[in-house]
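Only one structure is covered here, and it is reproduced in the block below.
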Amino acid sequence: MMLMIGLQALLFLIGHATAEGYVPKNVYGETLQPCSSAGSALTGYTRSGSCVDLQDDVGSHHICIELSSMSSSGQNFCQVTGQSNWCSSDMPCHENKYQSCQIENWCVCQWAFASYIEKAGGCNAIQHIQCDAINMQALSAYASSTQDKHKEALQCIYERCMIS
């Protein structure tokens with residue numbers, strides 16, 4: 001029992017950016033860059049501006065996508081994935097939570113991102129992604145999955161981010 005608790009704690013520290021001393025990495029193995037910036041809505045599951053998470057983030061919001069662009073179908077991420085259209089909303093600003101700003105770049109759920117690619121018609125049909133702000137944890141999760149759409153999402157990130 002004690003070993004299991006210790007293992008869970010270790011896995012939490014390895015996999016979560018909120019652990020003290022842990023520096024989250026992007027898909028290039030470098031320090032994770034912010035997804036949102038001044039003049040746009042503050043993103044991140046933790047509303048830190050970066051695609052990091054906490055233990056209770058079941059959506060694993062690790063993918064930074066530019067929501068101000070459109071997919072080739074003329075629809076945004078929310079429309080393609082069947083969500084309410086929060087993608088076109090204003091939310092608290094990156095630099096001042098008391099002001100409202102338009103959503104530009106946003107940390108989206110890595111599982112919804114995989115479905116987005118599938119529903120949009122493939123990697124070439126999706127909106128822009130910000131590679132230096134995509135959390136490496138997404139690549140790890142996709143690589144360990146056996147689902148085809150997760151393998152396609154991994155391949156898409158490799159192509160779009162020019163990772164060899």
Side-chain angles (χ1 to χ4, degrees), residues 11-12 14-18 22 24-29 32-37 40-94 97 100-163:
L11 289 173
F12 177 81
I14 290 171
H16 292 84
T18 57
Y22 176 76
K25 302 292 183 189
N26 63 24
V27 297
Y28 302 118
L32 184 68
Q33 297 302 302
C35 182
S36 60
S37 59
S40 67
L42 179 64
T43 190
Y45 183 77
T46 61
R47 292 300 185 263
S48 65
S50 296
C51 299
V52 296
D53 61 8
L54 295 173
Q55 190 172 18
D56 59 347
D57 178 15
V58 294
S60 300
H61 292 79
H62 294 144
I63 307 292
C64 182
I65 187 169
E66 184 188 322
L67 292 181
S68 59
S69 64
M70 294 289 189
S71 67
S72 63
S73 69
Q75 296 180 307
N76 66 28
F77 175 85
C78 291
Q79 294 163 326
V80 172
T81 58
Q83 300 180 39
S84 64
N85 198 13
W86 57 263
C87 295
S88 298
S89 302
D90 285 351
M91 295 199 185
C93 293
H94 181 88
K97 66 181 180 179
S100 288
C101 289
Q102 186 175 18
I103 295 174
E104 291 181 15
N105 287 1
W106 202 256
C107 298
V108 299
C109 167
Q110 65 195 28
W111 313 117
F113 178 74
S115 294
Y116 170 57
I117 294 168
E118 183 179 56
K119 292 176 182 177
C123 186
N124 292 330
I126 66 167
Q127 294 168 255
H128 303 295
I129 58 175
Q130 184 179 334
C131 297
D132 62 354
I134 295 175
N135 195 312
M136 178 66 85
Q137 290 182 9
L139 298 187
S140 299
Y142 290 151
S144 65
S145 174
T146 58
Q147 292 189 36
D148 287 343
K149 68 180 176 181
H150 297 157
K151 299 296 182 196
E152 289 174 31
L154 180 62
Q155 185 60 38
C156 180
I157 292 171
Y158 270 75
E159 288 173 15
R160 289 281 190 100
C161 299
M162 295 185 266
I163 301 170

Legend entry - Pairwise side-chain contact, Asn135 with Val52, heavy-atom cut-off 4.5 Å (strictly under): yes
Inset, instruction - Report yes or no: does Thr43 contribute a side-chain atom to a donor-acceptor pair with the main-chain N or O of Ser36 at less than 3.5 Å? - result: no
Legend entry - Stepwise side chain to side chain contact (heavy atoms under 4.5 Å, CB included) check, Tyr142 with Trp111: CA-CA 9 Å; Tyr142 290 151; Trp111 313 117; 4.2 Å; yes
Inset, instruction - Starting at CG of Leu139, measure out to CG of Asn26 and round the result to the nearest 0.5 Å. - result: 9.5 Å
Legend entry - Euclidean distance, Ser40 OG relative to Asp90 CG, rounded to 0.5 Å: 11.0 Å
Legend entry - Residue that, paired with Asn105, satisfies side-chain hydrogen bond (donor to acceptor under 3.5 Å, both in side chains) out of Glu66, His94, His128, Gln130: Gln130
Legend entry - CA sep, side-chain torsions, deciding dist, call: Gln79, Asn85, side chain to side chain contact (heavy atoms under 4.5 Å, CB included): CA-CA 6 Å; Gln79 294 163 326; Asn85 198 13; 3.9 Å; yes
Inset, instruction - Can you measure from CE (Met70) to SG (Cys87) and round to the nearest 0.5 angstrom? - result: 9.0 Å
Legend entry - Donor-acceptor under 3.5 Å (Ser145 side chain, Ala141 main chain): no
Legend entry - Side chain proximity check, Met91 to Ile103, heavy atoms < 4.5 angstrom: yes
Inset, instruction - Check whether any side-chain heavy atom of Ile65 sits under 4.5 Å from a side-chain heavy atom of Tyr116, and report yes or no. - result: yes
Inset, instruction - Measure SG to SG for Cys51 and Cys35 and state whether it is below 2.5 Å. - result: no
Legend entry - Exercise: identify the closest heavy-atom pair between Pro34 and Ser50: CA-OG, 3.6 Å
Inset, instruction - Of all the heavy-atom pairs spanning Ile63 and Ala138, show the shortest one and how long it is. - result: CD1-CB, 3.6 Å
Legend entry - Lys151 atom NZ: more than 12 heavy-atom contacts under 6.0 Å: yes
Legend entry - Cys161 side chain near Tyr28 side chain, heavy-atom distance below 4.5 Å: yes
Inset, instruction - Please assess Trp106 against His61 for the test side chain to side chain contact (heavy atoms under 4.5 Å, CB included), listing each intermediate value before the final yes or no. - result: CA-CA 9 Å; Trp106 202 256; His61 292 79; 5.9 Å; no
Legend entry - Spacing of Glu152 atom CD and Ile117 atom CD1 [to the nearest 0.5 Å]: 7.5 Å
Legend entry - Any Gln127 side-chain heavy atom under 4.5 Å of Asn76 side chain: yes
Legend entry - Atom pair CZ/SG of Arg160 and Cys131 - distance to nearest 0.5 Å: 8.5 Å
Legend entry - Met136 to Gly29 - nearest heavy-atom pair and separation: CE-N, 3.8 Å
Legend entry - Candidate pair His62 and Phe113, rule side chain to side chain contact (heavy atoms under 4.5 Å, CB included), full reasoning: CA-CA 10 Å; His62 294 144; Phe113 178 74; over 6 Å; no
Inset, instruction - Quick one: pull up CG in Leu154 and SG in Cys123 and give me the separation to the nearest 0.5 Å. - result: 11.0 Å
Inset, instruction - Return yes if a side-chain donor-acceptor contact under 3.5 Å exists between Thr81 and Gln83, otherwise no. - result: yes
